[in-house]
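Data block below; observations after.
Every number for a ligand or one of its atoms is a count from 1 in the order of the listing. Values below: every heavy atom of this structure, side chains too, minus hydrogens, waters and symmetry copies.
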Amino acid sequence: MLRPATAAVSPPASLQVLHWWTSASERKAANLLVAYAAADNVTWMDSAIPGGAGLAAVKVLRSLVLANDAPEVTQIIGASIGEWAELGMLLELDAPAQAGNWNAVLFPAIYKLVQHRQHVVAVPIGIHRINTLFYNRALFARLKLKPPKSWSEFEQIALKFNAEGIAALALSSEPWQVATLFENLLLASGGQQLHRELFVRMNAQALSDPRLTEALERLRLMKSWTKQPIAERNWTEVVQELANGEAAMLVMGDWAKGELNVTGLPTDGVFSCSAMPGTEKFNLYSVDTLTMFTKDYAHSPAQEKLARLLLTPAVQTGYNNVKGSVSVRRDADPARMDSCARASWTAFGLGASAQVPSLVHRMSVDEVARDAVIAEINHFFADDSVTPAQARQRLGAVFRALHLRRSDH
Ligand code: BGC
């Protein structure tokens, strides 16, 4: 939307910011942004909604908008950016993008992600790698093991830990955590192509691919690798299990690294990371972005200022080091990254052949489709009597319904 000529005379420089960063490391990373903004005379009024992966924040945002009380800045990510932009609610950030030369400094996929109808409508701040396997080094050393590179090694290692009475895998039954693990398994079994058919295109024909059945069977098997009985716990508790040596491995996205670092555990100390076995060449990614609501345009100078600030090299390096993600800039310095971050940033930099947009973390399909797929995976995981064939059938019904809905538009 174009800004009207009657912009406010003395624009307010305080911005309400809604996001879902509430764990210790998320908080620390957000506080860093608050401090940078303050140094630039922008007051960041924090409105953080608890709930891993944005479960509640996304809903709170909708009700605020319906009540005509949208925050000036919001964490809206992936496919939802286009939906909100289409409603004409997002401020166009072409001016700060041009001033900061975003088309040249951002990875092309990131620059594409933040645009809608040729306008920049979101500020990218970090790339998370979802196919990261974290492992407890002390436990691995005790059993003289190396991180697994293939499914069979993964399975053998899990059996060894379980035989020692140590949970091989830290995991809770929270639906997004389970679905995150499954998305990793699907990528490992089916590669980028099957992931695209199922989790981007939602192609019902691809549901008969035996590699999907394999991934479902592996998901079920991995349930036995976890602390029994599996319960629904916040992701930060699950991360602690790995830190305390109660569990040997973890697959959930590299915000887990931020959380380990903030509790005083540097990367390659108690823990290290490697790629989820079978997915080394990919970066299954999610990009955190902030968008700005237009409202009456009174806040746009401060919003534009913040947008520009967030992309500066200093903010990018500082924020991503704490958050566990990596810079969205192609000119970031890998020497200033730890081993996990460097692997992630390098894989992302390989381009389209390595980049896989995460469904669970909102990059590939819209919120309704995402929620429906997560619910089906969870249904399969929670109830051992559901067979892979039944899960495939139910996913087929979901895909078909979603396609009907798409063609309605
Ligand atoms: C977000 C991360 C966040 C994680 C856990 C993901 O969807 O992209 O920034 O740390 O959820 O809440």
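Note on ligand 1: G54 sits outside its first shell, no heavy atom being nearer than 4.0 Å. By the 4.0 Å heavy-atom criterion, W176 is excluded from the residues contacting ligand 1.
Of the polar atoms of G51, none of the N or O atoms is found under 3.5 Å from an N or O of ligand 1, judged by distance alone.
Listed for the E376 side chain is no donor-acceptor partner under 3.5 Å among the backbone atoms of V373.
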Any chance you could lay out the side chain to side chain contact (heavy atoms under 4.5 Å, CB included) test for F293 and H299, step after step, and finish with the verdict? CA-CA 9 Å; F293 276 85; H299 293 83; over 6 Å; no
Between S286 and R362, is a side chain to side chain donor-acceptor pair (under 3.5 Å) present by the stated rule, with each step listed? CA-CA 7 Å; S286 181; R362 299 191 170 83; over 6 Å; no
Quick one: do T74 and V17 satisfy side chain to side chain contact (heavy atoms under 4.5 Å, CB included)? Show the steps, please. CA-CA 6 Å; T74 314; V17 187; over 6 Å; no
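Between R308 and D40 there is no salt bridge, since no side-chain N of the basic residue sits under 4.0 Å from a carboxylate O of the acidic one. Comment: D46 engages R27 in a salt bridge, judged by a side-chain N to carboxylate O separation of less than 4.0 angstrom.
In this structure, R220 is positioned above the aromatic face of F380, its NZ or CZ under 6.0 Å from the six-membered ring centre and within 45° of the axis.
Scanning the protein heavy atoms around atom 2 (C) of ligand 1, the nearest turns out to be K323 NZ, 3.4 Å. When hydrogens are left out, the protein atom nearest atom 3 (C) of ligand 1 is E26 OE2, 3.2 Å; that is the closest non-hydrogen contact. Scanning all protein heavy atoms for the shortest distance to atom 8 (O) of ligand 1 gives D288 OD1, 2.8 Å. If you check which protein heavy atom lies closest to atom 4 (C) of ligand 1, you get W255 CD2, 3.6 Å. Among protein heavy atoms, the minimum distance from atom 7 (O) of ligand 1 is reached at H361 ND1, 3.4 Å.
Set against the non-hydrogen atoms of A53, the atoms of ligand 1 under 4.0 Å away are 5 (C), 7 (O), 11 (O), 12 (O). When each atom of ligand 1 is checked for a heavy atom of W21 under 4.0 Å away, the hits are 9 (O). Against a heavy-atom cut-off of under 4.0 Å, H128 is close to the following atoms of ligand 1: 2 (C), 9 (O). The G52 neighbourhood of ligand 1 comprises atoms 12 (O), with distances under 4.0 Å to a heavy atom of that residue. Residue W235 approaches ligand 1 through these ligand atoms, each under 4.0 Å from one of its heavy atoms: 5 (C), 12 (O).
Nearest heavy-atom pair, K223 versus A382, reported as atom, atom and distance to 0.1 Å: NZ-O, 3.7 Å.
Between the side chains of T213 and R392, at least one donor N or O sits under 3.5 Å from an acceptor N or O.
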